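In this chain, numbering begins with 1 at the start of the sequence shown. Fair warning: this is a prediction, and the values are worked out from it, not measured in the lab.
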Amino acid sequence: MINRVELKNDAKAKLKGKVLESLKIIALLFLISFVAIVVFGFIIGLLNMSIDKGIGSLLLDILSLVISGLFSFGMLSFFVKISRGQEVTYKELFSKTDMWLKYIIASLLVGIAVIIGFILLIVPGIVLTFGLSQTFYIILDNPEIGTIDAMKKSWDMMKGYKVDYLVFGLSFLGWIILGAFTFGILYIWLIPYMSIAQANFYNKIKVAYEQKNIG
C-alpha cells in the first residue's frame with residue numbers, strides 16, 4: 001500500500017531550493033510553445049495562405065504535439081531527477097529532444113487505448129488510464145524499450161496500485177481548486193510539487209516491482 005502522505009511530504013522537502021529552477025523550466029516550455037504558435041501564424045499570414053479553419057486547427061495540434069515530443073521527456077526527467085535527490089537545472093529541458101518520436105508514438109498509442117476503453121464503458125477507460133500511467137516514466141528510464149513493451153510493463157507495474165493512484169490523484173484536488181482562486185499564481189509551486197510527488201509514486205512502485213521480479 002502506498003503512503004501518499006509520505007510521498008507528498010518528500011516532494012515538498014525536495015522542492016525546497018528548486019522552485020526557481022522549476023519556474024524556469026515551466027516558463028521556458030510555455031515561451032517556446034507561445035513563440036512557435038506565433039511564428040506559425042505569422043508565416044501563414046506572410047504567405048497569404050487561405051487555410052480552412054479545420055485544417056489550421058489540425059496543423060496547430062500537430063505543432064503542439066511536436067513541441068511536446070521535443071521537450072516533455074526533458075521536463076519529466078527534470079522532476080524525476082529531483083525526486084531522486086539528483087542535481088539538475090532547467091537545462092534538463094533540452095536533454096531528451098532525441099526522444100521526440102518515441103514520445104509522439106507513446107502519446108498516440110496510450111491515447112488510442114484509453115479512448116477505446118472509454119468507448120466500451122467509462123470504467124474500462126479509467127482503469128486503462130491508471131494502468132498505462134507509468135508508460136512515459138518507463139520509457140524515460142529505458143530509452144531502448146519499445147512503446148508497446150513500456151505500456152505492458154506499466155500495466156504490470158500498476159497491478160494492485162490503481163486504487164492507490166486514484167486516491168493519490170484526488171488528494172491534490174483541494175490544491176488545484178485553491179490554485180484557481182489565486183488566479184493561477186499558486187500553480188507556480190503546485191505544478192512542480194505535483195510532478196515530483198508523481199515521480200515519487202513511480203519510484204516507489206518501480207522498486208516494489210523490481211524486488212518482486214527478482215524474488
Side-chain angles (χ1 to χ4, degrees), residues 15 18-83 86 88-115 129 132-148 150-151 154 169 172 176 179-180 183-199 202:
L15 182 56
K18 292 294 181 182
V19 175
L20 182 58
E21 290 298 310
S22 300
L23 177 58
K24 285 180 183 178
I25 202 171
I26 293 170
L28 260 176
L29 185 57
F30 173 80
L31 183 62
I32 291 168
S33 302
F34 177 76
V35 170
I37 291 172
V38 169
V39 170
F40 174 80
F42 176 75
I43 291 173
I44 297 299
L46 190 65
L47 297 176
N48 197 25
M49 295 174 64
S50 179
I51 295 180
D52 179 79
K53 287 184 178 180
I55 296 176
S57 178
L58 177 61
L59 290 174
L60 278 175
D61 288 340
I62 293 173
L63 177 64
S64 297
L65 187 58
V66 170
I67 292 172
S68 295
L70 285 170
F71 302 111
S72 289
F73 271 123
M75 189 168 186
L76 191 66
S77 177
F78 175 82
F79 291 115
V80 167
K81 284 188 174 182
I82 292 177
S83 75
Q86 299 172 9
V88 66
T89 70
Y90 71 93
K91 295 178 182 178
E92 189 71 19
L93 181 67
F94 306 100
S95 67
K96 308 294 179 184
T97 52
D98 60 325
M99 296 175 68
W100 68 276
L101 185 57
K102 181 155 281 191
Y103 177 87
I104 291 174
I105 293 171
S107 295
L108 291 174
L109 291 180
V110 170
I112 289 169
V114 170
I115 289 171
T129 299
L132 301 176
S133 61
Q134 309 306 305
T135 300
F136 294 98
Y137 291 103
I138 292 167
I139 293 174
L140 177 66
D141 272 344
N142 309 274
E144 74 288 345
I145 196 171
T147 303
I148 298 296
M151 292 167 68
S154 175
F172 293 102
I176 294 170
F183 301 100
I185 295 174
L186 181 62
Y187 294 139
I188 293 173
W189 174 83
L190 183 58
I191 292 174
Y193 164 50
M194 290 178 61
S195 298
I196 298 169
Q198 287 167 346
Y202 165 70

- Let me see the working for Leu15 and Ile82 under side chain to side chain contact (heavy atoms under 4.5 Å, CB included), right down to the final yes or no. CA-CA 7 Å; Leu15 182 56; Ile82 292 177; 5.6 Å; no

- Message: Show, in sequence, the C-alpha distance, side-chain angles and deciding distance for Phe78 and Leu93, and conclude whether the side chain to side chain contact (heavy atoms under 4.5 Å, CB included) test is met.
- Response: CA-CA 7 Å; Phe78 175 82; Leu93 181 67; over 6 Å; no

- Run the numbers on Leu28 and Phe71 for side chain to side chain contact (heavy atoms under 4.5 Å, CB included), then give the verdict. CA-CA 10 Å; Leu28 260 176; Phe71 302 111; over 6 Å; no

- Might you work through the side chain to side chain contact (heavy atoms under 4.5 Å, CB included) test for Tyr90 and Ile26, ending with a clear yes or no? CA-CA 9 Å; Tyr90 71 93; Ile26 293 170; over 6 Å; no

- Task: I would like to know whether Phe136 and Tyr103 meet ring-ring contact (aromatic ring centres under 6.0 Å, His included); could you show each step before the answer?
- Result: CA-CA 8 Å; Phe136 294 98; Tyr103 177 87; 5.2 Å; yes

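In this structure the side chain of Leu70 never reaches within 4.5 angstrom of the side chain of Phe94, judged on heavy atoms. Put simply, the side chain of Met99 reaches to within 4.5 Å of the side chain of Pro143, judged on heavy atoms. Contact check for Phe79 versus Gln198: no side-chain heavy atoms found under the 4.5 Å cut-off. Between Met151 and Ile138, every side-chain heavy-atom pair lies at or beyond the 4.5 Å cut-off.
Distance CD1/Ile32 to CG/Leu29: 6.5 Å, rounded to 0.5 Å. Rounding to the nearest 0.5 Å gives a distance of 12.0 Å between CG of Leu20 and CD1 of Ile25. To the nearest 0.5 Å, atom CG of residue Leu132 and atom CG of residue Leu109 are 10.0 Å apart. Atom NZ of Lys102 sits about 15.5 Å away from atom OG of Ser72, to the nearest 0.5 Å. Distance check, rounded to the nearest 0.5 Å: OG1 of Thr129 to CD1 of Ile115 gives 10.0 Å. To the nearest 0.5 Å, atom CG of residue Leu23 and atom CH2 of residue Trp189 are 14.5 Å apart.
Here the closest non-hydrogen pair linking Thr135 and Ala150 is CG2-CB, 4.0 Å. For the pair Ala36 and Ile67, the tightest heavy-atom approach, listed with the atom from each and the gap, is CB-CD1, 3.4 Å. Shortest non-hydrogen contact noted between Ile105 and Thr147 is CG2-OG1, 3.8 Å. For the residue pair Phe172 and Ala197, the shortest heavy atom distance occurs at CZ-CB, 3.7 Å. What you find for Ser95 and Gly74 is that their closest heavy atoms are OG-CA, 4.2 Å.
Using a distance-only test at 3.5 Å, with no hydrogens or angles considered, a donor-acceptor pair links the side chain of Lys18 to the main chain of Val88.
Exactly one residue among Lys24, Lys81, Glu21 makes a side chain to side chain contact (heavy atoms under 4.5 Å, CB included) with Thr89. That residue is Glu21.
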